[in-house]
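The structure presented is a predicted model; accordingly, all values stated were derived computationally and were not measured.
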Amino acid sequence: MVGGKRTGYSGFNRALNASRPIGSLVKPAVYLTALEQPEKYDLATTLQDTPLTLKGSKGNVWQPRNYDRQFRGDVPLYQALAKSLNVPTVRLGMSLGIKNVSDTLVRLGVDADEIRPVPSMFLGAISLTPYQVAQMFQTLSNSGRQAELSALRSVVTVDGDVIYRSLPKASQKVPQQAAWLTTFAMKKGVAEGTGRYLNSQFAWAALAGKTGTSNDTRDSWFVGVDGREVTTIWVGRDDNKSTKLTGSSGALRVYSDYLAARIPEPLILPWPKNISMIGFQSQQGGALQLDCGNQFELPVWDEGGELKASCDNQPKQWIKNLFDW
């Protein structure tokens, strides 16, 4: 744990005490909330990336935009998270409800007092310390099992006697399947999304990650997950001026250097029950359509295996019936 660039300075510890806007680091919580409802949402669900206007109770107007100022039309859910698209995330968050997403954040380990229950929270208008962010992503990337973090592992006497040892007990906070699917989308974020810089060096490790950038590029964040650990990195200025760095161009590059020295372990998560790999085909507009025989597959929370069985037994007729609904 490094609290600042002067490692010998024992003053303000930014890792523990610097509460800063987290930007897009909040997005996995939005998508996790959706994926907890497998009857409504899966990684292939179509989201709308089209202009959006929200009006507040006091007449104020908010028009969220994507970082590149472009609109893509139809996008699959997993891709919206992997590419960290703002507009589909806000649309999804509004359909889920501010309270439901807030509850998910709390279950992941975020203090309820830190959450501002307004639509902009879906894009990270909340402030957390790197330590709090690490707890959030530890829960998420550990198949939904939370182990309370501690900055102190043990206290040992000069004779080797253990006076204190931190032995956190893990407890299930969110469904394993939903957390696993969200982590899968974060792997896609490294493979083809905002974290793809890592893929040229560490594709073999199947890393998961999420970038975060606050307004005016004041804060650059990256959370990376390999088979050993969750690593949270924040790059910013104490005077709150712009770093001119996004999560991809700042904190992610620090993480890449860290991995080059530490060498990551492959991220292999236990396969949850009721998760099946199902084929999908990309449509002209960008959406995905079920196609059982297609080589492009996504994991789906398939309670009871009915979807997989239907694909195996009568794919053509079943596909027709599904899209007649």
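Between Leu85 and Tyr31, the shortest heavy-atom distance links the atoms O-OH, 4.3 Å. The two residues Lys40 and Thr45 come nearest to each other via the heavy atoms O-OG1, 4.0 Å. Of all non-hydrogen atoms in Gly247 and Phe222, the two that sit nearest each other are O-CB, 4.5 Å. Across all their heavy atoms, Leu245 and Thr213 have their closest contact at O-CG2, 4.1 Å. Between Pro64 and Leu52 the shortest heavy-atom distance is CD-O, 3.6 Å. When all heavy atoms of Leu198 and Ser256 are compared, the closest pair comes out as CD2-CB, 3.7 Å.
With respect to the salt-bridge test (charged N to carboxylate O, under 4.0 angstrom), the residues Lys273 and Glu303 do not qualify. Salt bridge Arg262/Glu229: present, at least one basic N to carboxylate O contact under 4.0 Å. Using a cut-off of 4.0 Å between Lys/Arg side-chain N and Asp/Glu carboxylate O, Asp103 and Arg107 are scored as not salt-bridged. For the pair Asp238 and Arg14, the salt-bridge criterion is met [side-chain N within less than 4.0 Å of a carboxylate O].
When each of Arg20, Lys244, Lys241 is tested with Asp219 by the rule salt bridge (Lys or Arg N to Asp or Glu O under 4.0 Å), just one qualifies, namely Arg20. Remark: of the listed residues Val133, Thr211, Ile233, Val133 is the sole one forming a side chain to side chain contact (heavy atoms under 4.5 Å, CB included) with Val223.
In terms of modelled atom types and a separation under 3.5 Å, the side chain of Gln172 and the main chain of Ser143 share a donor-acceptor contact. A donor-acceptor contact shorter than 3.5 Å links the side chain of Thr157 to the backbone of Asp161. At distances below 3.5 Å, not a single donor-acceptor pair connects side-chain atoms of Gln79 with backbone N or O atoms of Ala185. A donor-acceptor pair under 3.5 Å is formed between the side chain of Gln135 and the backbone N or O of Ala147. With hydrogens and angles disregarded, a donor-acceptor distance shorter than 3.5 Å links the side chain of Asn66 to the backbone of Gln70. In this structure, the side chain of Tyr164 does not engage the main chain of Val156 through any donor-acceptor pair within 3.5 Å.
With rounding to the nearest 0.5 angstrom, the OG atom of Ser127 is 12.0 Å from the CD1 atom of Ile115. Distance check, rounded to the nearest 0.5 Å: OG1 of Thr232 to NZ of Lys210 gives 13.0 Å. Between Leu181 atom CG and Leu77 atom CG the span is 10.0 Å, to the nearest 0.5 Å.
Taking a 6.0 Å sphere around CD of Gln295, one finds it holds 12 or fewer heavy atoms contributed by other residues, nucleotides or ligands. Heavy atoms of other residues, nucleotides or ligands lying less than 6.0 angstrom from OH of Tyr67 number 12 at most.
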Worked check of side chain to side chain contact (heavy atoms under 4.5 Å, CB included) between Ile275 and Val300: CA-CA 5 Å; Ile275 295 288; Val300 175; over 6 Å; no
Verdict with supporting geometry, Ile278 and Lys308, side chain to side chain contact (heavy atoms under 4.5 Å, CB included): CA-CA 7 Å; Ile278 303 295; Lys308 186 71 166 63; 3.9 Å; yes
Set out, in order, the CA-CA distance, both residues' side-chain angles and the distance that settles side chain to side chain contact (heavy atoms under 4.5 Å, CB included) for Lys55 and Val61, then state yes or no. CA-CA 5 Å; Lys55 294 183 179 180; Val61 175; 4.1 Å; yes
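Within the 4.5 Å cutoff, the side chain of Leu105 has heavy atoms near those of the Ile126 side chain. Taking the side chain as every heavy atom from C-beta outward, Leu108 and Gln138 never approach each other to under 4.5 Å.
A donor-acceptor contact closer than 3.5 angstrom links the side chains of Gln48 and Asp74.
Using cut-offs of 30° and 60° for the angle between ring planes, the Tyr78 and Phe296 rings count as tilted.
No close placement of the Trp301 and Trp180 rings is indicated, their centers lying 6.0 Å or farther apart.
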